[in-house]
Structure formats: C-alpha cells, structure tokens
Amino acid sequence: DSGVTQTPKHLITATGQRVTLRCSPRSGDLSVYWYQQSLDQGLQFLIQYYNGEERAKGNILERFSAQQFPDLHSELNLSSLELGDSALYFCASSVTSGGVEGEQYFGPGTRLTVT
Amino acid sequence: GQQLNQSPQSMFIQEGEDVSMNCTSSSIFNTWLWYKQDPGEGPVLLIALYKAGELTSNGRLTAQFGITRKDSFLNISASIPSDVGIYFCAGQLFPLLMRFGAGTRLTVKP
C-alpha cells in the first residue's frame, strides 16, 4: 500500500459526460501528479500541483482540468468525454521538500470506460 | 531532449533465469527510479538511485545508476512467476519533470 488513495476504482460513463476523479496523497506529501495510461501504453503525464498551486502541465487536453484543495487532496475533472478517453488514470504524490522532488508514489488508479 | 529509451520492450523467460533491462538517455539525470506495475494496478517503486555509480539491491533486484548519469539498469536474479509485470524506469533532473520509459513487459514461464 503506497498510502495514496484514489476513488472511484472503476467508472463507466457515456460519451459527452463529465466525471471527477479524486486522489488523496500520502500524509506529508505536498505534490500531486496525474497520469493517463491507455491500454498497453506508458504513463502520460497530465498535470502537477504543489501545495494547492499548479506547478507543471503535460499533455493535458483542454477538456480536462484539475485542482488541489487546502487539505491537499486533488481532483481531476474530465468533460465532454470521448471514447478515446477510456484509460487508467493514476495519481502520484511526492514530498518535494527544499525544492527537491522526491520519489513519486502511485495510487491504485481509476479505470475509466467511456461507452 | 529528455526521452528515455527503455529496452527490451518485452521479455519471455523461464522461471529461475536472470533478467536484465536498461534505460538510456541523451540527457543526464540526477535521480533514477525503477517501478513495477502489475496488470490494472498502480506502479510500485522498487529502487531509487541518487548518485552516479550507485549500485543498490532490494532482495533479488539490483539496480545501478550509470557513471555517465545517462543510463541505468535493473537486474532480477532467479526469476519467479510473481515477477511478471511491466517494469518502468524513470529519470529526473530537477527542476525538470520526471520522465518515464515505455516499459519492459516481463513474462515468466514456470
């Protein structure tokens, strides 16, 4: 158990809909990262938040957005869903102390299926 | 750029055999990490390396941080069926983002 929790574990929805994925980082970790992993693919970095603020952006679509709340949990919002958005979505957290990025620890993921 | 080339892409081995996989880059990193991912699960951190030349073991796993800071390898000795999964390398040069390799899919035949 990495200490990172993600809900829900599975999500099935229709095209055009909007969903919210939730992540709680490890206790003490200030950075949260979101990744997308399509079938048999590697990890695609979407976005990073540090202590409530957006820190880095990767290949995140405009239909996707995220935020990190004062209690450090994070939500990834996916809207106007398309079939191609079906994937595993992972959250990871790290300490990021003293300006140095720590090791990233991953949650169990949310499997999103868009029908 | 900071692309990581991970090889091999897949491996099919017999139980008991040793395994070796590596990651190379044209850029230097100051951290190398190795993760294992089981099907449908999140990647789990296996080994973290912070110094060039560092050799670190975790049970049957051994990883090294290349002396040039541009490569790393992971060895698994005496493989067992539960070693099956996808192994990812990751490299970081702060403040740039961590980069992940495409993964090595390991199949172990009993």
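For A/Gln37, the part lying under 4.5 angstrom from a heavy atom of chain B is the side chain only.
Looking at A/Leu43 and B/Pro43, their side chains come closer than 4.5 Å, going by heavy atoms from C-beta outward. No side-chain heavy atom of B/Val44 sits under 4.5 Å from any side-chain heavy atom of A/Phe106.
For residues 79-90 of chain A, every residue pair satisfying the side chain to side chain donor-acceptor pair (under 3.5 Å) rule, not counting sequence neighbours, is listed here: A/Gln36-A/Tyr89, A/Arg63-A/Asp85.
Here the straight-line distance linking atom CD of B/Gln92 with atom OG of A/Ser94 works out to 8.0 Å at 0.5 Å rounding. The CE atom of B/Met98 sits 10.0 Å away from atom CD of A/Gln48, with the distance rounded to the nearest 0.5 Å. Distance CD/B/Gln37 to CZ/A/Phe90: 4.5 Å, rounded to 0.5 Å.
Residue A/Asp71 qualifies as enclosed at atom CG: its count of foreign heavy atoms under 6.0 Å is above 12. Counting heavy atoms of neighbouring residues, nucleotides and ligands inside a 6.0 Å radius, atom NZ of A/Lys57 does not exceed 12 of them. Within 6.0 Å of atom CD in B/Gln14, more than 12 heavy atoms from other residues, nucleotides or ligands are found, so the atom counts as buried in its surroundings.
With sequence neighbours excluded, the residues that form a side chain to side chain donor-acceptor pair (under 3.5 Å) with B/Asn75 are B/Ser20.
Defined by atom type and a distance below 3.5 Å, a donor-acceptor pair is missing between the side-chain atoms of A/Glu103 and B/Tyr35.
Under the 4.5 Å side-chain heavy-atom criterion for Ile, Leu, Val, Met, Phe, Trp and Tyr, A/Trp34 and A/Leu11 are members of the same hydrophobic cluster. In the hydrophobic clustering of this structure, A/Tyr105 groups with A/Phe45; members are Ile, Leu, Val, Met, Phe, Trp, Tyr whose side-chain heavy atoms approach within less than 4.5 Å, directly or through other members.
Heavy-atom minimum distance, A/Leu88 versus B/Gly40: CD1-CA, 4.3 Å.
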Please evaluate residues B/Phe100 and A/Tyr35 with respect to the criterion side chain to side chain contact (heavy atoms under 4.5 Å, CB included), reporting the C-alpha separation (whole Å), side-chain torsions for both, the decisive distance (0.1 Å), and the verdict.
CA-CA 11 Å; B/Phe100 286 82; A/Tyr35 292 87; 3.3 Å; yes
